[in-house]
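Notes for the one structure printed next.
These figures come from a predicted structure and were not determined experimentally. Whatever order the structure lists ligands and atoms in, that order sets their numbers, starting from 1.
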Amino acid sequence: MDRLPDDRTAHGAETERPVLAILTSHWLSIAGSALVTIAACTWFLLLVTKLGARESNPYVGILIFFAIPAIFFGGLALIPLGAFLARRRIAAGLAVEPNRRTTLRRLALFLSLMTLANLIIGSQVSYRAVAHMESNQFCGQSCHVMNPQFFAAGQSQHPNVDCVACHVIPGTAGFLAAKANGTHQMMKVVLDSYPKPLPPALSSGKLAPSAETCEVCHSRTAVSEPRLRILSKFQDDQANTAVKTVLMMKIGGGRAGGIHGAHMGPGVEIRYRASDAPRLVIPWIESRNVNGETKTWLAEGAKDPGGESVVMECADCHNRSGHAFETPEEAVDRAMAAGQIPAALPFAHKTAVQVLKAAYPSQQDALTNIPLAFAAFYRQSLPDISSARRADIERAGKALAELYRSNVFPDLGIKWGSYPDNNGHAGNAGCYRCHDGSHSTVGAGVKTAISQDCSICHQTLAVEEASPEILQTLGVAAGSPQP
Ligand code: HEC
Ligand code: HEC
Ligand code: HEC
Ligand code: HEC
Ligand code: HEC
């Protein structure tokens, strides 16, 4: 045997693998290589996540452009420095040239440590990737089909709550079910076989139960004091007269009765059967109140449609709490109250609603033509105003296009009114699906009806009044519209 396993002279290492020998000959070189590898990996992964990130965090920018490159080049500088020091120690007789075995052992150790380090970094990043799959951007923007819900979230009561908080049951099973469902939906998108518009989640029976979603954040039994609601609207006259509706909502809750208590109080259960998929027509209802009394109600002249009954929960009333699609009137009122459409522009309300309601073949066409149509009205009917208030008219036109953009999606079959709001009775039946006065008790005895008495739900303090007395009394009377 002319070469022992631990042959200390092994100059073969130097001739066969000079690069490896240099890299592993001094701890400074090893540390340098480690820094270079980790920096490169982190830099790459950060760049990838930053591309998909929700908002650009300035610190990520500093990391990507300064800190990590500094570590990378620092590490790069350490490698020759270590090699130089190792050479000097060997030359001074303080160390021997590493042989092939030592080189390979050091290399193996180095590679294992690096793999471990990069696995840790990688797992952190893939954790972020999963977190990204849970983000509103992923659900609402990477999937064009859900774009409308993403836009409509902005004008809802939950602009900052993640889609998954209402659509995915917490825990692993819920996560997997959601991903399986999502994959199924993605296939339909790829094959372009999804319904347009997408059916409301309640109608497809896909909505996660509120106990796992809403009630993680809101308590079912919390008691709310009556709440004053002031609804601002503008009329269709020349002056766009501002009017207010003032309601005192009797929300209640728990054993305190009121709106929440009557349907969600302890022991209370209301079940119903609808005769249509979106649950807008409800002929049959069964109720159990706080005292345990049960009643069955049937709409006048209707038959029990049969089939599964559903237990009433939060989303039966708050169906648009996640994404509120507006009516053209609501959208224009909101923009006028916010001053985006100047309320002093004559006939602005009437014209704006008309322009929004017109039919446009595509969203792109609407975005171009809405501002033009709005301006055209003033040019043709009120030329003086048209030239004197050009800037206001342009600003209003742009705001109108935005209102259209966040509510109507012709290519996805979403028109004004495709997704009605059930929490009221103004646009569609809403509460009146049951509280229409025609649902009465079944069986022997005196027939009673589910009440339609206005004051069980709200005290009606003013309806579309220009200057409601109640607001004077409360010291919050409306001012004049902004110029
Ligand atoms: C606060 C709770 C909540 C949040 C947050 C929420 N949703 Fe919903 N979502 C609902 C409810 C409730 C329904 C059922 C509406 C119905 O059946 O009338 C629904 C229905 C849907 C539907 C079916 C179509 C429709 O409009 O009815 C889609 C698609 C949808 N949501 C996507 C999303 C996306 C994407 C996000 C995130 C940008 C999101 N949701 C965030 C509560 C929420
Ligand atoms: C992740 C927590 C979370 C989830 C899930 C959630 N909400 Fe909310 N919700 C909030 C927060 C926070 C607010 C804002 C409270 C505020 O502004 O005072 C809010 C506001 C509301 C409001 C408006 C309250 C007001 O003052 O007008 C309603 C109604 C509501 N949520 C109902 C629901 C319903 C129904 C669901 C389920 C479909 C739900 N929430 C799911 C956290 C949540
Ligand atoms: C029968 C219909 C109905 C059901 C069911 C219902 N709500 Fe409400 N909720 C209302 C109405 C109506 C209001 C008052 C809205 C307003 O002020 O304009 C309200 C108000 C609220 C508010 C605001 C409370 C406050 O103090 O300002 C929250 C939060 C809320 N609901 C959450 C829920 C949650 C969570 C559930 C399910 C556990 C639920 N609601 C079930 C009809 C309902
Ligand atoms: C699925 C049917 C259904 C819907 C939808 C519904 N309710 Fe009810 N509601 C009932 C039933 C059933 C009762 C119990 C009536 C009884 O026992 O006399 C009730 C009772 C009430 C009560 C108590 C009445 C009293 O005499 O004290 C209030 C308040 C109320 N509902 C408000 C609302 C509001 C507000 C909405 C809409 C946001 C709504 N309800 C939607 C079925 C419904
Ligand atoms: C079963 C409950 C219930 C009954 C009964 C009821 N309302 Fe309402 N009403 C509501 C709810 C909920 C809203 C929505 C409040 C909001 O937008 O926050 C509402 C809204 C309104 C509005 C404002 C509509 C708008 O958007 O401008 C008016 C006006 C109104 N109700 C009048 C009445 C009158 C008059 C009666 C009696 C004939 C009545 N309501 C009966 C629950 C009820």
Within a distance under 4.0 Å of any heavy atom of Ala426, pick out the atoms of ligand 5 and give their elements. 24 (C), 26 (O)

Can you name the N/O/S atom of His425 that is nearest atom 8 (Fe) of ligand 5? NE2

Using side-chain contact (heavy atoms from CB on, under 4.5 Å), reason through Arg320 and His323 one step at a time and then give a plain yes or no. CA-CA 5 Å; Arg320 289 292 135 202; His323 5 82; 3.4 Å; yes

Run the salt-bridge test on Arg227 and Glu225 with the 4.0 Å N-O cut-off and return the result as yes or no. no

State whether Lys357 and Glu329 are salt-bridged, where the test is any N-O pair (Lys NZ or Arg NE/NH1/NH2 against Asp/Glu carboxylate O) under 4.0 Å. yes

Checking Thr327 against Trp416: is there a side-chain donor and acceptor pair closer than 3.5 Å? no

Between Asp333 and Phe234 (side chain of the first, backbone of the second, donor and acceptor by atom type, cut-off under 3.5 Å), is there such a pair? yes

Option nearest atom 20 (C) of ligand 5 (shortest heavy-atom distance, choices Leu247, Thr460, Asn422, Asp421): Leu247

Less than 4.0 Å between atom 23 (C) of ligand 2 and some protein heavy atom, yes or no? yes

Are any N, O or S atoms from Cys457 nearer to atom 8 (Fe) of ligand 5 than 2.8 Å? no

Do Thr460 and His458 have side-chain N/O donor and acceptor atoms under 3.5 Å apart? yes

Nearest heavy atom to atom 36 (C) of ligand 5, choosing from Gly437, Ala462, Gly430, Cys454, belongs to Cys454

Please indicate whether Glu269 has more than 12 foreign heavy atoms, meaning atoms of other residues, nucleotides or ligands, lying under 6.0 Å from its CD. yes

Can you tell which part of Cys431 has a heavy atom less than 4.0 Å from ligand 5: side chain, backbone, both or neither? side chain

Suppose the cut-off is 2.8 Å; which protein N/O/S atoms would you list for atom 8 (Fe) of ligand 1? His167 NE2, His323 NE2

Can you tell me if Arg227 contacts ligand 2 (heavy atom of the residue under 4.0 Å from the ligand)? yes

Under 3.5 Å between any N/O of Leu202 and any N/O of ligand 1: does that happen in this structure? yes

Heavy-atom count check: over 12 atoms from other residues, nucleotides or ligands less than 6.0 Å from Lys415 NZ? no

So does Ile38 get a backbone contact from the side chain of Thr42, meaning a donor-acceptor N/O pair under 3.5 Å? yes

Which of the atoms of ligand 5 are close to Asn423, meaning less than 4.0 Å from one of its heavy atoms? 12 (C), 14 (C)

Looking at atom 17 (O) of ligand 2, tell me if a protein heavy atom falls under 4.0 Å from it. no

ring-ring contact (aromatic ring centres under 6.0 Å, His included) between Tyr404 and Tyr360, intermediate numbers included: CA-CA 10 Å; Tyr404 189 92; Tyr360 301 93; 5.7 Å; yes

Polar side chain donor-acceptor pair, Asn422 to Asp316, under 3.5 angstrom: no

Flag: protein heavy atom within less than 4.0 Å of atom 8 (Fe) of ligand 2: yes

Note: ligand 1 atoms sitting under 4.0 Å from heavy atoms of Pro199 are 23 (C), 24 (C)

For Asp162, the ligand 1 atoms with a heavy-atom partner under 4.0 Å come out as 5 (C)

Short of 2.8 Å from atom 8 (Fe) of ligand 2, name each protein N/O/S atom, waters not counted. His158 NE2, His218 NE2

Heavy-atom count check: over 12 atoms from other residues, nucleotides or ligands less than 6.0 Å from Lys447 NZ? yes

Check each atom of ligand 2 against the heavy atoms of Cys314 and keep those under 4.0 Å away; list them by number with element. 35 (C)

Do me a favour and list the nearest non-hydrogen protein atom to atom 15 (C) of ligand 1 with residue, atom name and distance? Asn319 O, 3.3 Å

State the atoms of ligand 1, each with its element, that fall below the 4.0 Å cut-off from a heavy-atom position in Leu207. 11 (C), 12 (C), 13 (C)

Charged N to carboxylate O below 4.0 Å: is that the case for Glu326 and Arg334? yes

Could you tell me if Ser455 and Asp453 have a donor-acceptor pair between their side chains, going purely by distance under 3.5 Å? yes

Answer with side chain, backbone, both or neither: which part of Pro278 has a heavy atom less than 4.0 angstrom from an atom of ligand 1? neither

Residues Ser287 and Lys295: side-chain donor-acceptor under 3.5 angstrom: no

Report the member of Met249, Lys250, Glu464, Lys233 with the shortest heavy-atom distance to atom 27 (O) of ligand 5. Lys233

Below 4.0 Å from ligand 2: does a non-hydrogen atom of Val216 turn up there or not? no

Pairs of nitrogen or oxygen atoms closer than 3.5 Å, one from Gln452 and one from ligand 5: do any exist? no

At under 4.0 Å between heavy atoms, what of Asp453 touches ligand 5? The answer is backbone

Should the pair Phe374 and Tyr378 be assigned to parallel (<30°), tilted (30 to 60°) or perpendicular (>60°) ring geometry? perpendicular

Below 4.5 Å, heavy atoms only, C-beta onward: do Gln235 and Asn240 meet side chain to side chain? no

Show your working on salt bridge (charged side-chain N to carboxylate O under 4.0 Å, His left out) between Glu464 and Lys233 and close with a plain yes or no. CA-CA 7 Å; Glu464 302 194 4; Lys233 293 189 183 178; 3.4 Å; yes

